[in-house]
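Residue numbers count from 1 along this sequence.
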Amino acid sequence: MLEQLSPLLFQQKLEQQFKEYYRDMFQPQGFVDKTPGIAMLRMIPDILLIWPQAKIIFAKRRGIENIDSRLRKFPHVSFEEHCRQWQETMMYWYSLREKLDQGQYVEIDQHDIEYVPEKATQQLADFLHLSPEQKGQMLQRFQEKHPEKTRQAYRMEIKSLDEMAWSKDEKLYFKKICSEAMDKFGYSYDSSYDQHASA
């Protein structure tokens, strides 16, 4: 039987079953699947084969704030592993986005959602072709709701690497592991957040 099996046909059958599963769950309307991390990024080429019209929103964050937040949220994971995961995820996305069409994805920085929600809202509204009403609802959500905050009263502070309550060795390790992604995405090590602002 295996000799008679067409790999392409087998793949198409699997893709069809996957699409039917989502259609049964969500009916005719669209759906949003929020699955962060590099595992999901690795699935994007397959997702675009199944849903060619899919829209990819990559929510990025500077390594300093990301790792600071992850240390509070996942204290059982080592500092070194958090650094490696951030670097790996950011660099994988950096290489992947070069293979995507401009209209397939948008990058949104969590800094913008927090401090300039109008800018983030406009980016997403343009990308998703939202109506004025939908755009207004999104802006209101960004201004009032913070579901992913590590703790309710926490507001993301923009600190320099030197200001972080990390050991000297941890700061050196961060630079060693994360510098490539920090540079590629234009992030600074000071409180300006990005290199353009600190130039």
Side-chain angles (χ1 to χ4, degrees), residues 15-66 68-70 73 86 89-158 181-182 184-188 192-197:
E15 291 173 357
Q16 187 61 34
Q17 283 195 317
F18 203 67
K19 289 177 75 171
E20 289 175 3
Y21 170 75
Y22 267 89
R23 186 169 58 245
D24 290 344
M25 285 183 64
F26 299 103
Q27 303 305 318
Q29 70 265 30
F31 63 91
V32 175
D33 194 337
K34 177 186 174 293
T35 313
I38 196 165
M40 185 59 167
L41 293 180
R42 289 179 175 142
M43 286 298 299
I44 286 178
D46 294 316
I47 290 170
L48 291 175
L49 283 176
I50 300 173
W51 292 287
Q53 304 304 316
K55 298 284 189 178
I56 312 293
I57 299 172
F58 184 75
K60 61 184 179 180
R61 194 177 192 186
R62 188 173 70 157
I64 295 171
E65 287 76 18
N66 180 273
D68 184 46
S69 174
R70 288 167 59 98
K73 201 169 185 178
W86 182 82
T89 300
M90 295 296 284
M91 290 309 300
Y92 189 88
W93 169 252
Y94 186 85
S95 63
L96 176 63
R97 72 181 183 182
E98 301 298 316
K99 304 169 187 175
L100 302 176
D101 295 335
Q102 287 293 321
Q104 289 180 312
Y105 74 92
V106 67
E107 285 183 7
I108 300 293
D109 201 296
Q110 290 188 37
H111 168 275
D112 293 340
I113 294 175
E114 180 77 13
Y115 289 99
V116 280
E118 296 83 2
K119 175 184 175 183
T121 300
Q122 188 63 58
Q123 280 183 276
L124 287 170
D126 292 343
F127 178 63
L128 298 172
H129 308 293
L130 301 183
S131 67
E133 180 182 2
Q134 290 171 321
K135 179 181 172 182
Q137 291 172 347
M138 178 180 289
L139 178 59
Q140 184 177 5
R141 300 279 291 188
F142 283 165
Q143 291 173 331
E144 297 177 359
K145 307 288 185 181
H146 302 281
E148 290 299 318
K149 289 298 173 62
T150 305
R151 61 179 185 270
Q152 187 63 30
Y154 178 74
R155 177 177 172 87
M156 182 175 68
E157 297 179 40
I158 304 176
M182 289 283 285
K184 292 285 189 185
F185 285 87
Y187 288 132
S188 72
S192 66
Y193 195 82
D194 63 64
Q195 293 173 2
H196 298 295

### Query
In Å and rounded to the nearest 0.5 Å, what is the CD1 to CE distance from Ile50 to Met43?
6.5 Å

### Query
If you look at every heavy atom in Phe127 and Gly103, which pair is closest and at what distance?
CE1-O, 3.4 Å

### Task
Go through the steps to decide whether Ile108 and Lys60 satisfy the test side chain to side chain contact (heavy atoms under 4.5 Å, CB included), and finish with yes or no.
CA-CA 6 Å; Ile108 300 293; Lys60 61 184 179 180; over 6 Å; no

### Message
Nearest 0.5 Å, please: how far is NZ in Lys135 from CD in Glu118?
### Response
9.5 Å

### Query
What's the verdict on side chain to side chain contact (heavy atoms under 4.5 Å, CB included) for Val106 and Ile56, showing C-alpha distance, side-chain angles and the deciding distance?
CA-CA 6 Å; Val106 67; Ile56 312 293; over 6 Å; no

### Task
Taking all heavy atoms of Arg97 and all of Tyr105, pick out the closest pair and write down the distance.
O-CE2, 3.8 Å

### Task
Enter the distance from Leu48:CG to Asp101:CG here, rounded to the nearest 0.5 Å.
9.0 Å

### Query
About how many Å separate CG of Asp194 and CD1 of Ile158, when rounded to the nearest 0.5 Å?
9.0 Å

### Query
Rounded to the nearest 0.5 Å, how far apart are CZ of Arg42 and OG1 of Thr89?
8.0 Å

### Query
For Lys19, does its backbone N or O pair with a side-chain atom of Trp51 as donor and acceptor, under 3.5 Å?
no

### Message
Please find the pair of heavy atoms, one from Gly63 and one from Trp86, that lie closest to each other, and give the distance.
### Response
N-CZ2, 3.2 Å

### Message
Side chains of Lys184 and Met91, heavy atoms from C-beta outward: is any pair under 4.5 Å?
### Response
yes

### Task
Kindly give the heavy-atom pair with the smallest separation between Ser188 and Met182, and that separation in Å.
O-CE, 3.3 Å

### Task
State whether the side chain of Ser69 and the backbone N or O of Asn66 hold a donor-acceptor pair below 3.5 Å, judged by distance alone.
no

### Task
Using a 4.5 Å cut-off on heavy atoms from C-beta on, say whether the side chain of Phe58 contacts that of Met90.
yes

### Task
Please tell me if the side chains of Thr121 and Phe142 come closer than 4.5 Å, counting only heavy atoms from C-beta onward.
yes

### Task
Would you check if there is a donor-acceptor pair between the side chains of Asp109 and Tyr187 at a distance under 3.5 Å?
yes

#### Entry: Side-chain donor/acceptor of Gln134 to backbone N/O of Ser131, under 3.5 Å
yes

### Query
To the nearest 0.5 Å, how far apart are CD1 in Ile47 and CG in Asp33?
7.0 Å

### Message
How about CD on Glu20, more than 12 heavy atoms from neighbouring residues, nucleotides or ligands closer than 6.0 Å, or not?
### Response
yes

## Note on the structure
What one should report as the nearest heavy-atom pair of Leu96 and Leu41 is CD2-O, 3.6 Å

### Atom of Glu107, atom of Gln123 and distance for their closest heavy-atom approach
O-NE2, 3.3 Å

#### Entry: Glu65 vs Tyr193, side chain to side chain contact (heavy atoms under 4.5 Å, CB included): CA-CA, chis, key distance, verdict
CA-CA 10 Å; Glu65 287 76 18; Tyr193 195 82; 3.6 Å; yes

### Query
Does Glu98 reach the main-chain N or O of Ser95 with its side chain, forming a donor-acceptor pair under 3.5 Å?
no

